[in-house]
*Asks:* 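Before anything else, here's the structure in question.
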2 protein chains.
Amino acid sequence: MNSHELRDFVYQQIARIGKAVSSPKRLELLDLLSQGEKTVELMALRSDMSVKLTSAHLKELRHAKLVETRKDGKYVVYSLANEDITALWLRLRALAENQYKEFSNTLNEQGRVVDDTSTLSFDQVFKKAKRGEIVLIDVRPRDEFAAGHFPFAQSIPLEDLKKRLSELPKNKEIITYCRGSHCLQANEAVKILKKRGFKAARLKEGVTDLYAQGLSLEKSTSR
Amino acid sequence: MNSHELRDFVYQQIARIGKAVSSPKRLELLDLLSQGEKTVELMALRSDMSVKLTSAHLKELRHAKLVETRKDGKYVVYSLANEDITALWLRLRALAENQYKEFSNTLNEQGRVVDDTSTLSFDQVFKKAKRGEIVLIDVRPRDEFAAGHFPFAQSIPLEDLKKRLSELPKNKEIITYCRGSHCLQANEAVKILKKRGFKAARLKEGVTDLYAQGLSLEKSTSR
DNA sequence: AGTTCATTCCAACAATTATTAGAATAACAA
DNA sequence: TTGTTATTCTAATAATTGTTGGAATGAACT
């Protein structure tokens, strides 16, 4: 390689990362994987893609070495290659939020409920949840809750929420959370809860943000 | 927007960043801009692209809000939108170095001379340069040196090196540096120097890396 | 061995992006 | 004004990527 080719090679290698994160669908897959390892089938379901298309995008991500696979019986289980990938995903998200006003505005308009809660630190929220002053609910799918969740949180996946309203108290504040500040499931939950007369708000941050702060999460198989 | 469209919107916005950094040429432009603001013309020259193509890629970067422009007479001067963009560029580069062995191997093979120097901290190198124990030379183009350079360094652009060998001592070690660990100009310089019997090595890091550590650089108009 | 099922490969087309050439704009200089 | 230079815009084509359907692979279970 002459110095010309070598220089091009350098930028090409770095662009491998860029290409991998240049597609909305692939970012969605990374987001899903940041919440825990998953099979192709499950990711296809969650992201409303065909299995084939999901597989194609995952191939691209594997080529860029952002994800890894392992076999479990008939299934191929995908996961992020390492913590740096979570960090990359978070940085891209944060950068988009800073640079694009239309993005952060949309997130805010869409019911990211900013009130007292958003100014509390994670620790404070966990303490309140421990003391029973608030109810902290994790609205992500059950498998993601199992892979890692906030302390003192209970799992009520968004799709089950309407059925399980009777489990929730009317007199306490209900705090919801999901994957992160970009994730809108917690907003949906707040909308539903407020409509039925509950006191509800969402945590601005979610699981990914907590990973970013180097905190570890509780794992469990059920709850 | 329904929740489906909204979710897609979120990932699309983040993918704007990804798209911007998915092309080797655009990464090269970001790299150039990380060394100081530049006109379209100059960037086209440095990157061996046509002015038109350079302009087209810059348009893309502007659309993603990674770069900004200002007018200076007839010229349009481009610069990175903020420090976060430098940080992004560095993170992508570091990630590529970690994930792709063929990348880091190539960098090493191509004469990134790893010896005593690479284990010295920046501070130590600067002190040695100050005391005259080593000669620290910046092989980047003159304008980039002027925009910010290491303390106690002198500017000898790579293209002038052969003409200016008489300025350099044979008995002292000559340490070269350029943009960063991915930049190969310092390697070229070391090759040239060693061939002529000088004691030479390169700093593993370069200017971008120092920015990443939050250190500030000296600016000057000449030297 | 045969069956099942998840996943990948292959081929085709649609959609997007990269690149080049020529025209248009905008600032400066005379 | 006119001419000059830098830059961007428009249009066209080449190259790449996204997407879908059908066939093939390959591991696990019976």
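Every chain is numbered from 1 and lettered A, B, ... according to where its sequence line falls, protein lines coming before strand lines. Keep in mind it's a predicted model, so treat the numbers as computed, not measured.
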*Asks:* Cationic tip of A:R202 within the cone over A:Y177's six-membered ring, i.e. under 6.0 Å and within 45° of the normal?
*Replies:* no
*Asks:* Where the side chain of A:V40 is defined as all heavy atoms beyond and including C-beta, which of C:dT8, D:dG18, D:dT8 is the nearest nucleotide?
*Replies:*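 The answer is C:dT8.
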*Asks:* Can you measure A:L42 atom CG to C:dA6 atom C1' for me and round it to whole angstrom units?
*Replies:*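 My rounded result for the distance is 14 Å.
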*Asks:* In this structure, how many angstroms lie between the P atom of C:dA27 and the CD atom of B:E41, rounded?
*Replies:* 18 Å
*Asks:* Take the protein atom CZ of B:R62 and the nucleotide atom C1' of D:dC9, then report the distance between them rounded to whole Å.
*Replies:*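 Result: 11 Å.
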*Asks:* Hey, which of B:T54, B:L29, B:L32 is the one that makes side chain to side chain contact (heavy atoms under 4.5 Å, CB included) with B:R46?
*Replies:*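 Between B:R46 and the candidates, side chain to side chain contact (heavy atoms under 4.5 Å, CB included) is satisfied uniquely by B:L32.
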*Asks:* Measuring from atom CG of B:L165 to atom CD1 of B:I174, what distance do you get when rounded to the nearest 0.5 angstrom?
*Replies:*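 Separation between the atoms: 8.5 Å.
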*Asks:* Identify which nucleotide among C:dT7, D:dC9, D:dA6 has an atom closest to any side-chain atom of B:Y75, counting heavy atoms from C-beta outward.
*Replies:*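 Output: D:dA6.
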*Asks:* Measure the distance from CD on A:Q12 to C1' on C:dA18 and round it to the nearest whole Å.
*Replies:* 14 Å
*Asks:* Looking only at the side chain of A:S55 (C-beta and beyond, no hydrogens), which of the listed nucleotides D:dA27, C:dT7, C:dT19 gets closest?
*Replies:*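 Among the listed nucleotides, the one closest to the side chain of A:S55 is C:dT7.
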*Asks:* Find the distance B:K25:NZ to D:dA15:C1' and express it as a whole number of Å.
*Replies:*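 From B:K25 NZ to D:dA15 C1': 12 Å.
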*Asks:* Provide, to the nearest angstrom, the distance between the CG atom belonging to B:D72 and the P atom belonging to C:dA26.
*Replies:*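 Rounded to the whole Å, the gap is 18 Å.
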*Asks:* Quick check on DNA chain C: between B:H57 and B:K52, whose nearest nucleotide comes earlier from the 5' end?
*Replies:*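 Here B:H57 is the residue nearer the 5' end.
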*Asks:* Would you kindly compare A:A56 and B:E60 by the position of their nearest DNA chain C nucleotide and give the one closer to the 5′ end?
*Replies:* A:A56
*Asks:* B:Y78 has a side chain; which of D:dT8, C:dC9, D:dT20 sits nearest to it?
*Replies:*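 It is D:dT8.
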*Asks:* Decide side-chain hydrogen bond (donor to acceptor under 3.5 Å, both in side chains) for A:Y100 and A:N105; before the verdict, give the C-alpha distance in whole Å, the side-chain angles of both, and the deciding distance to 0.1 Å.
*Replies:* CA-CA 9 Å; A:Y100 311 138; A:N105 288 347; over 6 Å; no
*Asks:* For B:H63 and D:dC9, what is the distance between atoms NE2 and P respectively, to the nearest whole Å?
*Replies:* 13 Å
*Asks:* Considering only side-chain heavy atoms of A:K19, which listed nucleotide, D:dT17, D:dT7, C:dT20, is closest?
*Replies:*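 Of all the options, the side chain of A:K19 is nearest to D:dT17.
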*Asks:* A:K38 NZ to C:dA6 P: how many Å, rounded?
*Replies:*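 After rounding, the gap between these two atoms is 18 Å.
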*Asks:* Heavy-atom nearest nucleotide on DNA chain D for A:M49 versus A:K71: which residue maps closer to 5'?
*Replies:* A:M49
*Asks:* Assess, by modelled atom type and distance only, whether the side chains of B:Q35 and B:T208 contain a donor and an acceptor separated by less than 3.5 Å.
*Replies:*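 A donor-acceptor contact under 3.5 Å links the two side chains.
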*Asks:* Return the nearest nucleotide to the side chain of B:K74; candidates are D:dA6, D:dC9, C:dC9.
*Replies:*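 Among D:dA6, D:dC9, C:dC9, the one nearest the side chain of B:K74 is D:dA6.
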